[in-house]
2 protein chains.
Amino acid sequence: MSARTSPDSSRDIPEATVARLPIYLRALTTLSEQGTSTCSSEELAVAAGVNSAKLRKDLSYLGSYGTRGVGYDVEYLRYQIAREIGVTQDWPVVIVGIGNLGQALANYSGFRSRGFRVVALLDADPARRDEVVAGIEVQAFDNLEQIVKDHDVAIGVIATPAVAAQDVADRMVACGVTSILNFAPIVLSVPEQVDVRKVDLSIELQILAYHEQRKAATA
Amino acid sequence: MSARTSPDSSRDIPEATVARLPIYLRALTTLSEQGTSTCSSEELAVAAGVNSAKLRKDLSYLGSYGTRGVGYDVEYLRYQIAREIGVTQDWPVVIVGIGNLGQALANYSGFRSRGFRVVALLDADPARRDEVVAGIEVQAFDNLEQIVKDHDVAIGVIATPAVAAQDVADRMVACGVTSILNFAPIVLSVPEQVDVRKVDLSIELQILAYHEQRKAATA
DNA sequence: AGGAGTTTGTGAACGGGAGAACAAAACGAG
DNA sequence: CTCGTTTTGTTCTCCCGTTCACAAACTCCT
């Protein structure tokens, strides 16, 4: 076997590819758990729900980790993708807003298994204080600065109502958080160097409704 | 004022535009609540977090609902977008899997206010049976067929663990559900005419982690 | 009425991603 | 060793989406 090439480490991976890498990672983990040690791009593509040509092109941005005529070593590729995304590291995360959604997030095992460690749950409501969710005590929102500093937190999750979200984001940014996952239905304004990703439950349903309406119209 | 033109109703709106319409709708609702009766494409674009040229092009797919030199009537445009998406209708929805996430979804007020009506909460676990969440009694999953039939449900939400999700999807499809919002971390396989949208909490965090890692590397 | 100032709607250029198609590389059989 | 088979990595082409830029259209002021 020839040396596996890995491109210049300062390469830039297309955003569309970055968004798919976690899907491949999950598919590889599933394959691994099923005892599969090798897979072709076609098999992996089916498991990930994408076209095999697209999968191969995506993987080619990371390097040349397959073997022609054989396929990919599941464990090896899984590790390479995990390293590329950064989930081999430990990512301390703060969750603000411990309503139904915040609790669901705190309990979600998919975080911990991918290197994300919830270091604190914060809520502005004193009534929620001292509740224990997912084994973590709910603290006052004002502890944010201290916690971010102590644990070197770079990623914050906002699960508050819409009215509170911008304030929370401002406080997060002010104390050094540079990536925010926002579940509040509002467009956050943050400095350019801060990454924000938004998950909006009702928007997804509305997109489905649009297509559903069209189906009904043409039926 | 000249007649507002609306293009052929069998037009096809680009998918990227469809995904943004709910954002515009929300921004318009906020503007309306603030007492704004008219707005320019620039104002609305800022509120929605997009480029104004893109906003105008998106709206142009729906019709010509603005007035040059003036802008858009907030209420009028809001209604037009709502009608286009289909949220002026009533959409009965079934939620399967009433764990933390399912409860959060059942309690989410953003659904009801946009025409989505949760007609049933279903869970396979008998221990959860007869619990009342968001004023709705949790029923046996086996009631799915009856409920879909009785309420003419077209949209189903899956909030179960990954292992159960494909079975739930199959049952939904079998009894006539044609749109599925999937929160389970798995790629569902469904017939072509069924729409599936996936929301994956940990994937969003992983995308943030990737960019965070790159920031750290170049800092 | 006419001209200056605004803002929409859209044509055109541009960039990025998707998919087809194929050459290069590895393996196995004989 | 050589040939046929398999599968990757990559090139090329096409299409969708974004952005620019401007003509058309409307208002307001004189």
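Proteins get letters first, then strands, A, B, ... in listed order; numbering begins at 1 in each.
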So what does Glu15(A) touch, heavy atoms closer than 4.0 Å: a base, only the sugar-phosphate, or nothing?
sugar-phosphate

Identify, with sequence neighbours excluded, every residue that meets salt bridge (Lys or Arg N to Asp or Glu O under 4.0 Å) alongside Glu15(A).
none

Would you kindly give the CD-to-P distance between Gln80(A) and dG9(D), to the nearest whole Å?
12 Å

Please list, chain by chain and in numerical order, all residues satisfying side chain to side chain contact (heavy atoms under 4.5 Å, CB included) with Thr36(A), sequence neighbours excluded.
Leu31(A), Gln34(A), Val74(A)

Partners meeting salt bridge (Lys or Arg N to Asp or Glu O under 4.0 Å) with Glu42(B) (sequence neighbours left out)
none

Rounding to an integer number of Å, can you tell me how far Tyr72(B) OH sits from dT27(D) P?
15 Å

Name each donor-acceptor pair under 3.5 Å that joins a side chain in residues 167-184 of chain B to protein atoms two or more places apart or in another chain, with its distance.
from      : atom 1 : to        : atom 2 : distance (Å)
Asp170(B) : OD1    : Gln166(B) : NE2    : 2.9
Arg171(B) : NE     : Glu145(B) : OE2    : 2.8
Arg171(B) : NH2    : Asp142(B) : OD1    : 3.2
Arg171(B) : NH2    : Glu145(B) : OE1    : 3.3
Thr178(B) : OG1    : Glu212(A) : OE1    : 3.0
Thr178(B) : OG1    : Glu212(A) : OE2    : 2.6
Ser179(B) : OG     : Glu212(A) : OE1    : 2.4
Asn182(B) : OD1    : Ala184(B) : N      : 2.9
Asn182(B) : ND2    : Ala184(B) : O      : 3.2
Asn182(B) : ND2    : Ile186(B) : O      : 3.3

Taking CD from Glu42(A) and P from dT8(D), how many angstroms apart are they, rounded to a whole number?
9 Å

Could you state the atom-to-atom distance from CD of Glu43(B) to P of dT8(C) in whole Å?
9 Å

Measure from CG on Leu62(B) to P on dT8(C) and round the result to the nearest Å.
15 Å

Value in whole Å for how far the C1' atom of dG16(C) lies from CG of Asp12(A):
12 Å

Going by the rule salt bridge (Lys or Arg N to Asp or Glu O under 4.0 Å), which residues pair with Lys54(A) if we only count those two or more places apart in sequence or in a different chain?
none

Return the residues of residues 29-41 of chain B meeting this criterion: a heavy atom under 4.0 Å from some atom of DNA chain C. Order them by number, or give none.
Ser40(B), Ser41(B)

What does nucleotides 18-24 of chain D look like as a protein-contact string, B for base, S for sugar-phosphate only, - for none, at under 4.0 angstrom between heavy atoms?
SBSB-BB

Close side-chain approach of Tyr72(A) to Leu59(A), heavy-atom, < 4.5 Å:
yes

In whole Å, I'd like the distance from the CG atom of Leu55(A) to the P atom of dG17(C).
16 Å

Got a list of side-chain donor-acceptor pairs under 3.5 Å for residues 93-109 of chain B, not counting sequence neighbours?
from      : atom 1 : to        : atom 2 : distance (Å)
Asn107(B) : ND2    : Gln103(B) : O      : 2.9

Backbone of Leu28(B) reached by a side-chain donor or acceptor of Ser32(B) within 3.5 Å:
no

Can you measure Asp73(B) atom CG to dT27(D) atom P for me and round it to whole angstrom units?
13 Å

Taking the nucleotide of DNA chain C with the nearest heavy atom to each, does Pro14(A) or Gly69(A) sit closer to the 5' end?
Pro14(A)

Salt bridge (Lys or Arg N to Asp or Glu O under 4.0 Å) with Asp90(A): which residues, sequence neighbours excluded?
Arg117(A)

